[in-house]
Every structure is written in C-alpha cells, then in structure tokens.
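Note sheet for the following structure.
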Amino acid sequence: MEYAPREIEQKWQQWWREQRVYEVTHQSDKPKYYVLDMFPYPSGAGLHVGHPLGYIASDILSRYKRLRGFNVLHPMGFDAFGLPAEQYAIENGIHPAVSTADNIKRYKQQLDNLGFCYDWSREVQTCDPAYYRWTQWIFLRMFNSWYDRQADRARPIAELIRAFETGGSQTVDAVHSHDEHFTAAEWLDMSGEQRQETLMNYRLMYRKVGYVNWCEALGTVLANDEVVNGVSERGGHPVEIRPMLQWSMRITAYAERLLHGLDTVDFPEALKQMQRNWIGRSEGAQLFFELERHADRLEIYTTRPDTIFGATFMVLAPEHDLVERIVTPDQRATVEAYLAITKSRTERERQIEKAVSGAFTGAHAVHPFTGKRVPVYIADYVLKGYGTGAIMGVPADDERDQRFAEKFNLPIVPIVDKSMYPDAGMEDKVGTMIHSDFLNDMEVPDAIRAMLERIEQMGIGHRKVQYKLRDANYSRQRYWGEPFPIVYDQQGVAHDLQESELPLELPNVSDFKPGGGKGPLAKRTDWVQTPLPGGAGSGQRDTDTMPGFAGSSWYFLRYMDPRNPTALASSEAIQYWQDVDFYIGGAEHAVGHLLYSRMWHKFLKDYGIVPTEEPYRKLVNQGMIQGVVESALLHIPTRTFVSAELADEYPADELAEILVHAEMVSDYGDLKNAHLTAEGIAQFKHWRPDYAGHTFRTAAGSDRFFLRSEVGKMSKSKYNVVNPDDVVAQYGADCFRMYEMFLGPVEMSKPWDTKGISGVSGFLRKFWGLFFDEKTGFSVSDAEPTRDELRVLHTCIKKVTDDIERFSMNTCVSHFMIATNELRKLQCNKRAVLQQLIVLIAPFAPHIAEELWRRIGHNTTVCDAQWPSFNEALLKEDQINYPVSVNGKLRANLELPAETEQEAAIAAALALAPVQKWLEGKAPKKVIFVKGRMINVVV
RNA sequence: GCCCGGAUGGUGGAAUGGUAGACACGAGGGACUUAAAAUCCCUUGACCAUCAGGUCGUGCAGGUUCAAGUCCUGUUCCGGGCACCA
C-alpha cells in the first residue's frame with residue numbers, strides 16, 4: 001500500500017485536536033518539563049521555511065520528554081503588540097487589531113499544518129486585555145518599588161517612605177538616579193509634589209527627562225537595543241538624541257544579579273558574552289579634582305587611578321552640568337560654537353565621523369597630588385551617560401586621550417614603562433610605574449591597589465563599580481501597545497490606578513499617525529481627560545504606550561495558568577511548573593528580550609511571585625534558514641542576458657543583476673548550478689514583460705542559462721520565499737520536519753535547498769514499506785525477533801536516545817535511515833521490533849507514527865507510549881573485530897570471539913605475524929585497550 | 001580595534017583524544033524497461049599499485065601524546081556581536 005502522507009496527516013491532526021491530546025494540567029504526579037519557543041510576532045507575510053526550524057526541534061524534544069514520562073508544558077502564543085501592525089494601519093487604514101487577528105489566524109493554520117503538539121488551550125496574545133492587564137499590573141508593582149542594596153532586592157515604596165520619615169535619605173542604601181541628601185525633618189517639610197519628585201529618583205519604573213533616542217520618521221522614542229548604527233532597527237530611519245520626559249525602567253538596579261545569574265544558566269557562551277558586554281561591568285575609582293576659583297569640584301571616573309600622574313588635562317561631556325558654570329568669558333564663544341556643532345549632529349553622523357574635536361573651557365582643575373594646574377576641556381568623545389560624564393586625560397596611556405592631546409598640543413607625560421612587555425598594547429594593565437611619585441617602580445596592578453587606598457585615605461574619592469548598562473526607556477509615542485495605568489494631576493504628579501481599575505483598555509482610534517512628539521492616543525481627548533484615582537479632581541492619562549518588550553518579558557509565566565482572572569498565574573501553577581527547562585529562539589534577542597525578561601523574573605522573585613532567580617535553565621539559539629538570491633546578468637549596452645559563466649567576457653560595470661523569481665529557477669538553492677531552462681526563460685519574460693525583447697546568451701553547446709546566486713535573507717522583495725505549506729503539500733509534514741532537522745545542527749544557519757529532500761522522502765516510504773507486504777498489504781509478524789534484528793533495534797534506541805539528549809537532531813535522522821535499511825535487508829516485519837521503532841520515530845514524524853501505531857494494533861495514541869530502553873548486551877557483537885596498532889599506527893585487524901578476555905586478545909595480537917614484524921623483536925612496554933576493542937601496543 | 005564562533009570530499013554534514021569522511025544529496029556504472037519515470041545493485045577523498053595493498057589527507061606552521069579533525073601556542077581567512085564605556 002502506498003504511503004499517502006497528506007491523507008494520514010490531516011486525519012490525525014484533526015483527531016489530535018478533537019481529542020485534546022496535547023492539553024496538560026499542573027495537577028499531575030509526573031515530573032514537569034517546560035519547553036518554550038520564543039513566540040512569534042505575526043507579520044503579514046506569514047511563515048517561510050526558515051521560521052519552523054526551532055519549532056520543529058522543540059516539538060521533537062517535547063514529544064520525546066512526554067514519551068519519557070514527563071508532564072510536558074509546550075505552549076505557543078503571539079507577541080502581538082508592535083510597530084509593524086501600526087505602520088500597516090497608517091499606510092492602509094486597517095486597524096492593527098484586525099490585521100493582527102488575521103495574521104495570527106494564518107500563522108496558526110501554518111503551524112498546525114506541521115503537526116506541532118502545542119497545547120493551544122494555553123495560547124496567549126499580548127494584545128489581549130485579559131493578558132496585558134497583568135503587564136500593567138507588573139508595571140505598577142515596579143512603579144511602587146525601590147531597590148534595597150542592603151537586602152539586594154526590590155521592596156515596596158511604602159517602606160522607603162517610612163524610612164525617609166524616620167531617618168531621611170541616609171538610613172537606606174537605595175539604587176537611585178542622582179545623589180540627594182535630606183533628613184527626616186527635611187522630608188517631612190517637603191510638599192506632596194516634592195516628595196513625589198523625590199520618590200521618582202528611586203522607583204523601579206520612573207519618569208525623568210532623559211536624553212533619548214528620538215526617531216522622527218517613526219514618531220517615537222526607541223530603546224538602546226532598538227537603535228543599530230545610529231538608525232532605527234525597524235525601517236532604518238535616522239535617530240537623534242533629544243531630551244524628553246519619559247518612563248524609564250531601572251534595570252541597572254539588577255545589573256549585578258543579571259551578570260551573576262549568567263554563571264548559573266546553560267546558555268550559549270557567545271550569548272552570555274554578549275550580555276556581559278552589554279552590562280559592561282568595570283571596576284575603578286570615582287575621584288574629585290578641585291577647580292581653580294570655583295566651589296564646585298570636578299568628579300571623574302577612571303579604571304586606571306594609577307595613571308593619575310600622567311593626567312595633563314580634564315575632559316567633560318559637552319552636556320555636562322558644570323560646563324555652563326566654569327566656562328570663562330574669553331572662551332565662551334568657542335565653547336558655544338562647539339556645543340552648537342555637537343547638538344546639530346545626529347548620533348549617526350557623530351559615530352561615522354570619529355574625528356577628534358573639542359573646546360577649551362578656560363577653567364583649570366588642580367591636580368590632587370602634584371598641585372599643578374590642569375586645563376579643562378569639553379569633547380564629545382566623553383559621554384554624558386557613562387560614569388560621571390567627566391574624565392582625566394592621560395595621553396600616555398589611553399589612545400583617545402593621546403589623539404586629543406596631539407590635536408590640542410597638550411603635554412604627554414609617560415607614566416608606565418612597558419619595556420618588559422614588548423607585546424603589550426597601550427592600554428594593557430602591565431608595566432612598571434615611572435614619573436609617578438610614590439607609585440614609582442610598582443607594577444601596574446599593585447599601583448592600582450595602592451592608589452585606590454591612598455585616594456580613600458585622602459578622602460578625594462572612592463572605589464566604584466560602573467556599568468555600561470543604562471536604564472531602559474519605557475515610553476513609546478505609539479498606539480499599538482499597552483496604555484500606562486497612570487493618571488497625572490494638575491501638577492504633573494503621576495498617580496497609579498487601583499488594581500480594580502485594570503485592565504486599562506486601549507481605546508479605539510481612527511487616525512494612527514503620530515504627531516508633535518505625541519502618540520495617536522493624545523487625539524482621544526475624551527479618553528485622556530479622566531478623574532484622578534480616588535476621585536480627587538480631574539486628571540489626564542498618559543498618552544504613550546509601553547514598548548514591545550513589555551508583553552514579552554513575562555509571557556512564559558502566563559502560559560502556566562493562562563485564563564486566571566485574579567493573578568498573573570496561580571501560585572500552585574507556578575510552584576508546579578517553576579521555570580522554563582528548555583528555551584529555543586533566535587540570537588537576535590540576546591540583549592533585548594532575554595535581558596529584560598530575566599530582570600522582570602528577578603523582580604517577581606523579590607516579591608515571592610516566582611520561585612526561581614532565573615526564568616530559563618537552558619537556551620539554544622536556532623540558526624536561520626536563509627534564502628538564495630538568484631539574479632540574471634544583463635549586459636546593458638547590448639540588451640543581452642548573459643549566462644553567469646560568460647560574465648568574464650564583459651566589463652563588470654556594464655553588467656546589471658536582475659532578480660529572478662525562485663519559482664522559475666531549476667536547481668534552486670544550489671549556488672553553483674542554479675539556472676534557467678528554456679521554459680524558465682519563457683516564464684521570466686512573461687513575468688517581466690519589459691525584458692521580453694531581450695536575448696539570452698548561453699555558453700556554446702549548453703541550453704542552461706546560469707544565474708548568479710548568493711546567500712541572503714529569505715524575503716518577499718528577493719522573490720525567494722519558500723512557503724512550508726508548499727513543501728508539505730508535496731512531501732508531507734513528517735518529511736518536512738525530518739528534512740529540516742536533517743539539514744544540519746539546529747544551531748547552524750544554512751541556505752534552503754530542496755534537493756536533499758528526496759532522501760528523507762524515500763526513507764519515509766521505506767519505513768512505511770517495512771509494515772507492508774506487496775501482495776497481502778499490511779503485515780507484521782508475531783514471531784520472535786532474531787538476534788540480528790534486535791541488535792539493529794537496540795543500536796538505534798541507544799543512539800537516538802543519546803542524540804536527542806544532546807539535542808543532535810540531524811544525526812537522529814541518520815540513525816533511523818540506517819536501522820530501516822538494515823531491517824529491510826533482514827526482511828524484518830516483527831511486531832516486537834517495529835512497534836518500538838515507531839515510538840522512536842514518533843517525535844520526528846508524529847503522523848506516520850500514529851498511523852502505524854494504530855495499524856499495528858494499539859488503540860491509544862502513540863503520544864502516550866513509553867520510550868523504549870535498550871539492552872546493552874544486545875549491542876555486543878558475537879565477533880569482535882580487533883584493530884591492532886603499534887605505536888598508534890594501525891597494523892592489523894584480527895577477529896576474536898566477543899567473550900575473549902583481554903589477555904587472550906593481547907596474546908593473539910602479539911602473536912600475529914604482521915604485528916611481530918612491527919615490533920621488530922622489541923618487548924612491548926604497554927598494551928592499551930580502546931573502547932574495550934582496539935589494542936595499541938607501545939614499544 | 002575589542003569579544004565570541006567557525007574552517008573536514010563535488011555539496012549538506014558525521015566523528016566521548018582511539019580504524020576520519022557516518023547519513024544524505026550529486027555524479028559515474030549496471031539491472032529492470034521498446035523508452036522514460038520509478039525502483040534496485042555497485043563505485044565515489046587524493047595519489048600510487050604487481051589489485052594484495054601502500055602513501056598522503058580535516059585552512060596554514062609548530063607543540064603535547066603510544067595516538068590529534070578533536071588539546072596547547074602562533075598564523076591566515078570567513079561569519080557573528082560590540083564599538084569613543086574612560
């Protein structure tokens with residue numbers, strides 16, 4: 001009987017759905033296992049063959065864990081708020097809610113088509129009010145929290161207020177934005193408004209005027225990780241730095257925990273490194289320089305306090321508060337001109353130029369050790385947002401300071417003798433101190449230690465750990481996101497909504513265009529005007545919405561108890577499911593989602609809402625399946641298309657690359673052989689009538705017109721999108737799943753290439769064929785399996801089990817192929833062998849497995865079968881082939897019975913004539929057994 | 001510039017320090033067929049060969065080891081991330 005994948009697949013997909021085979025509950029005695037995919041943003045383009053790679057791998061793992069007796073949580077949902085839907089609305093007038101719902105529907109159809117074992121009853125959508133109610137709830141909890149450094153956790157803001165009332169600002173060690181000192185009496189003297197302003201300095205969600213990444217084209221502010229090379233990640237629009245009143249998330253409070261947590265989780269090393277770099281911890285000193293003729297002191301940050309004797313100038317960031325106060329009248333014009341230039345330049349221009357620039361303020365600082373006058377400059381290579389926004393210039397030991405000193409003719413005093421370290425770079429922390437007073441002759445690390453001590457003794461500074469990580473901007477001047485559950489009073493003080501007022505639903509609007517630095521919500525004045533919480537007068541709602549990462553920062557918790565109306569998830573559900581055991585998704589979220597959600601999790605841990613410090617135990621980044629971009633070479637002057645191998649005959653600048661639709665290409669995906677046949681050329685001319693009159697030149701004697709191919713993104717605009725639905729229609733979902741795994745390791749990126757799929761397709765037919773007899777149809781035997789048959793089966797069980805455990809899905813497919821081929825040779829149709837093989841293959845090809853499982857006589861789903869265990873004894877062969885090598889070189893093979901003792905093997909090996917020859921009469925020093933088989937004789 | 005990865009046949013890729021190239025594609029040859037498709041069988045890293053086998057071979061140069069694709073040092077190229085972070 002023919003293997004008809006589509007028939008089988010549709011039948012079982014429907015049955016699984018109707019029988020709710022994949023729904024799970026936390027009321028279970030089984031151990032839990034949580035397998036999570038990064039949920040997709042449902043774009044209008046639908047899925048292409050690259051998207052399901054990670055989903056297939058996680059589906060296999062989920063099914064495997066279920067067969068191993070785990071209660072497996074494997075949910076799916078949609079990250080449904082965000083910019084693209086809103087841009088689409090602006091361009092086409094379709095409400096984001098409508099287009100998002102359409103896209104989700106299409107995604108679900110495409111996913112179901114592949115036979116995934118998601119528990120769809122747990123689906124979440126971040127744009128659903130029942131979901132974002134809890135996103136708003138977490139926001140408010142953060143708003144009403146501060147970070148206690150002493151306890152190293154977030155705590156309710158009410159406790160901070162009590163501390164201020166009793167002891168002022170000095171009684172607590174709280175994370176805050178800027179230093180403030182006040183006594184309890186001063187706190188009590190403050191107006192309500194002043195107190196609220198003070199509290200903003202401590203809240204974990206807080207408002208501040210900050211320099212933010214403003215994108216004019218998108219009409220919104222962006223987070224640091226949403227800005228790439230000075231342009232917006234989405235759309236590539238220019239981004240400028242602008243001061244705006246914005247919500248911020250105090251992620252910096254968690255910097256140290258985010259860093260340390262990385263040592264406890266199983267993430268790819270590269271990803272951990274990316275997060276470490278993003279957090280950017282450095283140890284150094286914050287220290288003060290007195291300013292000449294000024295009461296203000298200049299506070300700088302340095303990781304090299306040992307080099308202070310080489311400090312010959314100071315540099316402030318152009319935006320530094322002190323600039324205005326210290327600039328001298330004769331330098332005012334120069335400084336203002338420089339400030340004007342820095343302001344007018346966009347972030348992008350500044351990054352591209354990298355030219356040394358700056359201006360002298362006319363002011364001088366006093367060197368704390370030498371008492372010398374040190375000139376104070378401003379320059380944009382010093383950043384306002386890092387450290388104190390001021391540095392000491394040490395041109396002998398820092399490349400940027402050196403360039404600056406050369407440009408402005410400032411003295412360069414050598415302070416580290418690196419002659420003992422010829423390979424050391426300028427900024428390496430090695431060498432011997434010179435021209436450095438009491439530090440002279442010390443090695444750099446000792447000098448750093450000595451100087452830190454001296455600075456603290458003298459009271460001119462202190463040790464300080466500094467992070468590159470900044471607080472995340474949390475406001476977006478957009479429509480399609482979570483509204484802030486906040487109302488402002490006349491004084492602009494933020495009041496939080498009561499929990500009973502949540503969710504604050506996103507109101508409908510008809511005009512989605514942003515304008516005047518405000519989002520579309522500002523136009524709904526009827527919605528904006530609202531009584532203050534508690535009814536004390538009228539107020540105004542926040543017209544911004546939350547950023548895309550808000551909803552995705554905690555979605556994995558909602559899956560645990562997705563319909564709970566009274567909590568983000570019940571504590572029983574969270575206690576049972578705990579955390580994510582296996583998380584799979586793209587590496588592009590390394591410093592965005594993965595950092596934010598880790599922080600939210602730690603925050604929730606601080607309040608005992610979740611039991612674990614880290615949300616994800618193990619993370620795998622799946623690679624991308626790329627497309628191949630095919631183009632035909634056009635020789636413009638002669639209006640002739642030229643086959644790629646003839647390109648050398650034409651001047652390169654007269655050739656243009658014209659994109660060709662992948663559907664017309666023969667051998668698509670093969671970088672060397674992709675070509676158009678006569679039929680393909682006809683299709684191309686029909687598709688591009690503007691080229692219908694052009695001639696196509698192929699090499700003499702060839703009817704193939706070769707294309708120029710390169711690996712690139714799979715995208716509509718490159719005409720190279722391969723839809724998984726089409727592959728499934730032709731080969732079946734089981735074949736598609738196995739083939740994507742067979743292409744290579746899940747972590748690896750590779751171009752899509754359909755050519756190899758025939759191998760997997762053929763394998764599935766052969767596998768199916770094991771169960772059928774040409775004449776009698778379905779036929780399995782109840783006879784006892786032979787030793788050979790069992791050996792094939794148990795080898796396969798062992799290898800597949802080992803390989804799934806180490807997430808090596810591609811080699812699993814090979815093991816299935818080997819087992820199937822061998823059983824075919826043995827003409828094995830024994831039930832005892834085949835039914836175990838079905839279970840092995842079920843995670844990879846669930847439909848064919850289900851069908852055969854039923855046919856073989858089971859009346860329950862294969863999903864509830866038990867993973868077979870293997871018998872080690874059966875793996876041993878009756879005869880063992882002993883390769884014998886002398887000094888590591890293979891010399892001979894000898895066959896011995898498996899039961900032979902090692903001594904017998906040695907004796908036999910050494911007696912072997914070829915080995916005798918290589919021993920050259922010498923006595924062996926030692927004999928080494930390898931894997932209990934191979935013998936190496938060392939002479 | 002800095003930090004991570006990676007480099008294995010014509011191709012995708014296998015190899016807990018232990019017979020490199022599993023498995024698959026492609027290619028070549030053969031069987032079946034009027035023919036094609038499908039299917040099946042054989043060959044397929046390079047070189048030498050008296051056809052028994054031998055020599056070389058995992059980007060390059062060294063090292064450790066009885067034994068290195070795998071570990072160490074240096075180097076080249078490719079991919080990814082960060083980039084005035086004091």
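Numbered from 1 within each chain, the chains take letters A, B, ... in sequence-line order.
- Across every strand in view, B/A31 sits in a pair with B/U39 that passes the Watson-Crick or G-U test at under 3.5 angstrom.
- Between A/F763 and A/F816, the angle of the ring planes stays under 30°, which puts this pair in the parallel group of the 30/60° scheme.
- Between A/E299 and A/R297 no salt bridge is recorded (no basic side-chain N to carboxylate O distance below 4.0 Å).
- As the counterpart of B/A61, B/U73 is assigned, both hydrogen-bonding distances of the Watson-Crick or G-U wobble pattern falling under 3.5 Å.
- Look at the C1' atom in both B/G9 and B/A14: the space between them is 13 Å, to the nearest Å.
- Using N1 to N3 plus N6-O4 or O6-N4 for Watson-Crick, or N1-O2 and O6-N3 for G-U wobble, each under 3.5 Å, B/A67 pairs with nothing.
- The residue A/D401 sits apart from the nucleic acid: no heavy atom pair falls under 4.0 Å.
- Between A/E740 and A/K750, no side-chain nitrogen of the basic residue sits less than 4.0 Å from a carboxylate oxygen of the acidic one, so the salt-bridge criterion is not met.
- Both A/N936 and A/L271 sit near RNA chain B, but only A/L271 has its closest nucleotide nearer the 5' end.
- In this structure, CE of A/M748 is placed 14 Å from C1' of B/C78, rounded to the nearest angstrom.
- The side chain of A/Y381 lies closest to B/C84 when the candidates are B/A24, B/G13, B/C84.
- Base-pair partner of B/G12: B/C23 (Watson-Crick or G-U wobble, both distances under 3.5 Å).
- In the set B/C4, B/A22, B/A86, B/C4 carries the atom at the smallest distance from any side-chain atom of A/A270.
- Atoms CG and CD1, from A/L316 and A/I300 in turn, are 11.0 Å apart once rounded to the nearest 0.5 Å.
- Relative to the side chain of A/T303, the nucleotides B/C84, B/C40, B/A86 differ in distance, and B/A86 lies closest.
- In this structure, the nucleotide among B/A15, B/G81, B/A22 sitting nearest to the side chain of A/S814 is B/A22.
- Under the Watson-Crick or G-U wobble criterion, with both distances below 3.5 Å, B/C56 is paired with B/G45.
- In this structure, of B/A14, B/C40, B/U39, it is B/C40 that holds the atom nearest to the side chain of A/K766.
- As rounded to the nearest Å, B/U50 and B/A27 have P atoms that lie 32 Å from one another.
- Pair assignment for B/G5 gives B/C78, based on Watson-Crick or G-U wobble hydrogen-bonding distances that are each under 3.5 Å.
- Using cut-offs of 30° and 60° for the angle between ring planes, the A/W752 and A/F736 rings count as tilted.
- Pairing partner, B/C51: none, since no Watson-Crick or wobble contact has both distances short of 3.5 Å.
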